[in-house]
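These notes are about the structure you will find just below.
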Amino acid sequence: MSITAIRGFNDILPGQTGLWRQIEQTAWSIFRAYGFGEIRLPIVEKTELFLRSIGETTDIVEKEMYTFPDRHGDMMTLRPEGTAPAVRAFVEHKLYTAPVTKLYYTGPMFRYERPQKGRYRQFYQIGAEVLGDESPRADAEALSMLMKFFATLKVKGASLQINSLGDANCRPAYKEKLYNYLKGKAGELCENCLRRIETNPLRALDCKAADCIEATKEAPSLVDSLCEGCAAHFDRVKYFLRLYGIDPLVNPRMVRGLDYYTRTTFEITADTGLGSQNAVAAGGRYDRLVEELGGPATPCFGFAIGMERLALLLEGEQALAAPLTVFIALGDEAEKKGVELVSAWRGAGIRVVEEFSAGGLKTRMKRADRLGADFAVILGENELNEGVVTVKDMKQARQDTVAWDKVASIIAGAGH
RNA sequence: GUGGACGUGGCUCAACGGUUAGAGCACUGGACUGUGACUCCGGGGGUUGGGGGUUCGAAUCCCCUCGUCCACCCCA
C-alpha cells in the first residue's frame, strides 16, 4: 500500500477549490464591508492557552486536542478553534487600545474525533470576532452579517437559533437550581447525564436521549433565570435582530461546548444535506475571556463557520468558471506562431491551454473536449497563411474564422 | 472512545466456496492523414485494502489489522 493521507485529513482537490475560494471571497468582501480586518494566526499555540480558555473539563480539551511536547519539552497544541488564539493575539499586541476591534480569519483547526460526514480531524473555519463592544447591537449586527453571508451564497434551509447563557451574576445560581432538580431526577437520566450533573449540568438540557428529554421537560429554564442585566441584553438582541429583518428562534436548551461563553449564544443549522453534524456556524458572546487571558475587561462576540459543511451545502451551486479555450496548432510553423498568439490572448485575460499532443486533429479535438473546453482554437496551414484561426464553440457546435487580434474579445464576450 | 455497514481495474458496480475475476464508463489504437460529444472494431489495465487461518480449492468463510461511510458522543 502506498502512503496515504492521515485519517481525517483531506486533500481539497481542484474540482473543489473553486467553490472554497468563492466561499472565502464572499466572506471576506462582506466582512470587510462591516469593518472587519483580517488576522493571520499561528496554527500551533501553547497548550496552556486552550486549557484556560476552552475549559479543562470540556470534551475538546479532555479528549480531542492534538497535544505534543516540542524539542524542548514545552507542551504545544494544534489549535482546535480560533477564538482563543485571536484573543491571545488581541491581548499580546494590545489591540484593545482601539475602541473596538473586528477581526476575521480563515484556516485549519484540528480535533481528534472519529471522522464522519462533515466532520474531519483537520477542518477549516471562517471566524469573526468583535472585541470591545458590550452592546446587544453588536450581537445582532454580527448575526445579521452572518445571515447576509449565507443569503449571498444562496444557502437554503439554514435556520438560526439563539439562547442566553447568563453571566457570572446569574449562571451560578441557575446551575445550582438545575443541579438540585437533576439530582431529584437522577434515576431517569442516562449514564452520560449522570456524570454531567457534577461536571456540567447545563449539558443535560440538550441531551438527545428520549428519557433525558422527558426528565428535563420541567427543568428550570435558563432564559427565565437570567438576571436583570442579562435578560435586558437578551431582549435587546432580539429587538435589534428584528430591526435587521431576522426573526430569531429562541432555544433555551441550546448549550455550547466551550466554557468561555456568556449571555448570547447561537447556532445555525442546515435541515438537509449534512446528516447529523448539521451545525454550519455557531458562536456567541464571551465577555470574560479577554480578562481571563490577561487583558483588560473586554466584552466580545464571535462566531465560526464550518467550511466543509458549508461546501457540502453548496455543492453543485458553484459559480461557472471562466470559459476555457484549448489551442491546437497543426504543423511546425503554426506551433511557432501559436506561442506568440497564446501569450497575447492570455495577456488579454482569457484562459487558454495548449494541446501539444501528436496525432490527428480528430484525436486532439477529442482531447480538447475531454479537457472541458468551451472553445477550440485551431491554427493550421490555411489559417496561418491568412492570418486567422478557426474558433469552434464546443457547446454550440458552431465555428467561425477569426482574425488573430479579435480572438480574445470574441471569446471573452461569449460569456459562458 | 462505542456501535453498525462496507472495501473487487482510474470511476460505478457484477461474480452460489469451483475454469484464466467480468461489465459499463474512462484510457488507448483503428474505421476517419483538418473537426470533439454519436456509431463500429481492436488493445492495455487487478497481489479482489493488507496479513494470517480454514479448505483439494477463497473475492466469497473465520480472525487480526488498516481505511471509508453512517450513527452515538461531541462539535464547525
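Below, read A as the first sequence line, B as the second, and so on, with proteins coming before strands; counting in each chain starts at 1.
Using a 4.0 Å heavy-atom cutoff across all strands shown, A:E267 reaches no nucleic acid atom at all. If you check every strand for non-hydrogen atoms under 4.0 Å, A:G8 touches sugar and phosphate atoms only. Contact annotation for A:T390: base contact, defined as any heavy-atom pair under 4.0 Å involving a base atom. Using a 4.0 Å heavy-atom distance criterion, A:E64 is classed as a sugar-phosphate-only contact. At a threshold of 4.0 angstrom between heavy atoms, the contacts of A:A368 with the nucleic acid are absent. If you check every strand for non-hydrogen atoms under 4.0 Å, A:G118 touches a base. Residue A:K392 is in base contact, counting any heavy-atom pair closer than 4.0 Å across all strands shown. Within 4.0 Å of A:L258, counting heavy atoms only, lie sugar-phosphate atoms of the nucleic acid but no base atom. Using a 4.0 Å heavy-atom criterion, one finds that A:A376 contacts no nucleic acid atom at all. In this structure, A:R370 reaches the sugar-phosphate backbone alone: every heavy-atom distance under 4.0 Å involves primed, P, OP1 or OP2 atoms, never a base. Among the atoms of the strands shown, base atoms are found under 4.0 Å from some heavy atom of A:E383.
Rounding to whole angstrom units, NZ of residue A:K366 and P of B:G29 are separated by 9 Å. In this entry the distance linking CZ of A:R364 with C1' of B:C32 reads 17 Å, nearest Å. Going from atom CG of A:L13 over to atom C1' of B:C11 covers 14 Å, rounded to whole Å. B:G1 atom P lies 17 Å from atom CE of A:M65, rounded to whole Å. Distance CG (A:L330) to P (B:U33): 13 Å, rounded to an integer number of Å. Across the protein-nucleic acid pair, A:E113 atom CD and B:G3 atom P stand 18 Å apart, rounded to whole Å. Atom-to-atom, CZ of A:R398 to C1' of B:G36 comes out at 16 Å; the value is rounded to the nearest Å. Distance A:M394 CE to B:G36 P: 9 Å, rounded to the nearest Å.
Put simply, A:R367 has a side-chain N or O that comes within less than 4.0 Å of OP1 or OP2 on B:U28.
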Pair A:R52-A:E292, salt bridge (Lys or Arg N to Asp or Glu O under 4.0 Å): steps then yes or no: CA-CA 8 Å; A:R52 281 176 42 191; A:E292 281 162 12; over 6 Å; no
Residue pair A:K102, A:E141: steps toward the salt bridge (Lys or Arg N to Asp or Glu O under 4.0 Å) verdict: CA-CA 12 Å; A:K102 296 178 172 184; A:E141 190 187 50; 3.5 Å; yes
Salt bridge (Lys or Arg N to Asp or Glu O under 4.0 Å) between A:D74 and A:K46, worked out: CA-CA 8 Å; A:D74 298 332; A:K46 290 178 185 168; over 6 Å; no
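Comparing A:L361 and A:R111 by the nucleotide of RNA chain B that holds the closest heavy atom to each, the one mapping nearer the 5' end is A:L361. Each of A:P115 and A:V255 has a nearest nucleotide on RNA chain B; the 5'-most of these lies closest to A:P115.
Of the candidate nucleotides B:C69, B:G36, B:C72, B:C72 has the atom nearest to the side chain of A:Q116. For A:E308, taking side-chain heavy atoms from C-beta onward, the closest of the listed nucleotides B:U28, B:A76, B:U35 is B:A76. Considering only the side chain of A:R256, B:A76 comes nearest among B:A76, B:G36, B:C75. Residue A:D369 places its side chain closer to B:A37 than to any other of B:A76, B:C69, B:A37.
Of the residues A:V352, A:V353, A:T325, the one that meets the side chain to side chain contact (heavy atoms under 4.5 Å, CB included) test with A:V342 is A:V352.
Across all strands shown, the partner of B:C72 is B:G1, judged by Watson-Crick or G-U wobble contacts whose two distances both fall under 3.5 Å. With a 3.5 Å ceiling on both atom-pair distances, the Watson-Crick or G-U wobble partner of B:U12 is B:A23. The nucleotide B:G67 finds its pairing partner in B:C6, both defining distances of the Watson-Crick or G-U wobble pair being shorter than 3.5 Å. Judged by Watson-Crick or G-U wobble contacts below 3.5 Å, the nucleotide B:G45 has no partner. In this structure, B:U35 makes no Watson-Crick or G-U wobble pair, since no nucleotide meets both defining distances under 3.5 angstrom. B:U55: no Watson-Crick or G-U partner with both key distances under 3.5 Å is found in any strand. In this structure B:U60 sits in no base pair that meets the Watson-Crick or G-U test at under 3.5 Å.
In this structure, A:Y124 has its ring center under 6.0 Å from that of A:W20.
Under a 4.0 Å N-O distance rule, the pair A:D393/A:R398 does not qualify as a salt bridge. Salt-bridge formation is detected for the pair A:E38/A:R40: a Lys NZ or Arg NE/NH1/NH2 atom is positioned less than 4.0 Å from an Asp or Glu carboxylate oxygen. A salt bridge does not link A:K63 to A:E113: none of the charged nitrogens lies less than 4.0 Å from a carboxylate oxygen.
Counting distance only, with no hydrogens placed and no angle test, the side-chain atoms of A:R119 and the base atoms of B:C69 include no donor-acceptor pair under 3.5 Å. Remark: the A:R203 side chain and the B:C73 base include no donor-acceptor N/O pair separated by less than 3.5 Å. With hydrogens and angles ignored, a donor-acceptor pair under 3.5 angstrom links the side chain of A:R114 to the base of B:U2.
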